[in-house]
Amino acid sequence: METINKSSAIADGIDPMGVRPFRVKRTAKDTYDTFTLELEPADGGAPLGFAPGQFNMLYFFGVGEVPISVSGDPAKPRILVHTTRAVGAVTKAMSALKIGDTLGIRGPYGNAWPVTAIEGNDVAIVAGGIGLAPLRPAIYHILSNRDKYGKVSLLYGARTPEDLLYRKELEHWRARFDLETLVTVDRAAEGWRGNVGVVTTLIGRASFDPAHTSAMVCGPEIMMRFTALELQSRGIKMENIYVSMERNMKCGVGLCGHCQIGATFVCKDGPVYTFNQVREILLRREM
């Protein structure tokens, strides 16, 4: 099963290099270095629809632009949500934005998590750190169409309890009877009563049927490498394991070549790939 949604700004007839102004509607500080922006069109135009797993190029006027995955609900496109970490000049400038400020947006770009193609299967969603953000739209979609899927397991790991994203939402998901949610941290802090260990330690505890399971994985590449291998060892086929790759994307349309992986471009042919498509890259030790 390798069907991956190829919807993008180009495929949908949108000017792929056109920048639209979006106004900050709400901001939230998720962790000490991670924040979420909720944006709405400032030009009075239509909402920017997207598919789970796609990304936009966010332009901070006078500083530059960066590719950021959409982390909101695809069924509610009027509000565009992006969660990111303040690690460079652009994202640090973005972290200081206030309600009413304006950003430039172009996109959406890339393909999507195969949420339609995997209907009928059990689903294992494995996230590491900020990798939960690109997976959240897929979680929203699956929970909104819960009767179309078998067992659904969310396995989430972070470095410390303070690094966990969307804590209130995690508690809400853990309270659901139709979603198995397991959370772990690499290093416990005082007062932490949950699991301790890397996220791969949760895979053996999840209740999915490997023969009928599709997995979606997002996080640091070393985490995705070991997660994919562990999922494979549990019996999930390589072509049923999907990962989201990250590269230094500049143009978003496959012209600049910055994000090339083999014969593909992450911005255009990805960011979602099956494990067998990128296995050799993920298994390289230097990655």
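Atom set for the values below is all heavy atoms of this structure, side chains included, hydrogens, waters and symmetry mates excluded.
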Donor-acceptor pairs are to be reported for all side-chain atoms of residues 66-75 against protein atoms at under 3.5 Å, with residues two or more places apart or in another chain.
from : atom 1 : to  : atom 2 : distance (Å)
S71  : OG     : V81 : O      : 3.4
S71  : OG     : T83 : N      : 3.2
S71  : OG     : T83 : OG1    : 3.2
D73  : OD1    : A75 : N      : 2.9

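- Contacts of F275 classified as ring-ring contact (aromatic ring centres under 6.0 Å, His included), with partners at least two apart in sequence or in another chain: none.
- S144 contributes no side-chain N or O that, together with a main-chain N or O of H141, makes up a donor-acceptor pair within less than 3.5 Å.
- D101 places a side-chain N or O within 3.5 Å of a backbone atom of K98 that can act as its donor or acceptor partner.
- Scanning for side-chain contact (heavy atoms from CB on, under 4.5 Å) contacts around F60 gives V63, V90, A93, M94, L97, L103, with sequence neighbours left out.
- For T264, the side-chain contact (heavy atoms from CB on, under 4.5 Å) partners are I261, D269, Y273, not counting sequence neighbours.
- The hydrophobic cluster around F61 extends to Y59, counting ILVMFWY residues whose side-chain heavy atoms fall within less than 4.5 Å of a member.
- Listed here is the closest heavy atom pair of V87 and T91: N-OG1, 3.0 Å.
- Residues satisfying the salt bridge (charged side-chain N to carboxylate O under 4.0 Å, His left out) criterion with R176, sequence neighbours excluded, are D178.
- Residues satisfying the salt bridge (charged side-chain N to carboxylate O under 4.0 Å, His left out) criterion with R205, sequence neighbours excluded, are absent altogether.
- Screening residues 47-67 for salt bridge (charged side-chain N to carboxylate O under 4.0 Å, His left out), with sequence neighbours left out, gives E65-R106.
- Take A189 and apply the side-chain contact (heavy atoms from CB on, under 4.5 Å) test, not counting sequence neighbours, and it matches P161, E162.
- Applying the ring-ring contact (aromatic ring centres under 6.0 Å, His included) rule to pairs touching residues 148-190 yields nothing, sequence neighbours excluded.
- The shortest side-chain heavy-atom distance between T84 and L58 does not fall under the 4.5 Å cut-off.
- Not counting sequence neighbours, E246 has no partner by the salt bridge (charged side-chain N to carboxylate O under 4.0 Å, His left out) test.
- A side-chain donor-acceptor contact under 3.5 Å links S233 to the backbone of E230.
- By the rule that hydrophobic residues join a cluster once side-chain heavy atoms approach within less than 4.5 Å of another member, V198 and L231 end up as members of separate clusters.
- Qualifying salt bridge (charged side-chain N to carboxylate O under 4.0 Å, His left out) partners for R85, counting only residues two or more places apart in sequence or in other chains: D33.
- Under a 3.5 Å cut-off, the side chain of D122 and the backbone N or O of D209 do form a donor-acceptor pair.
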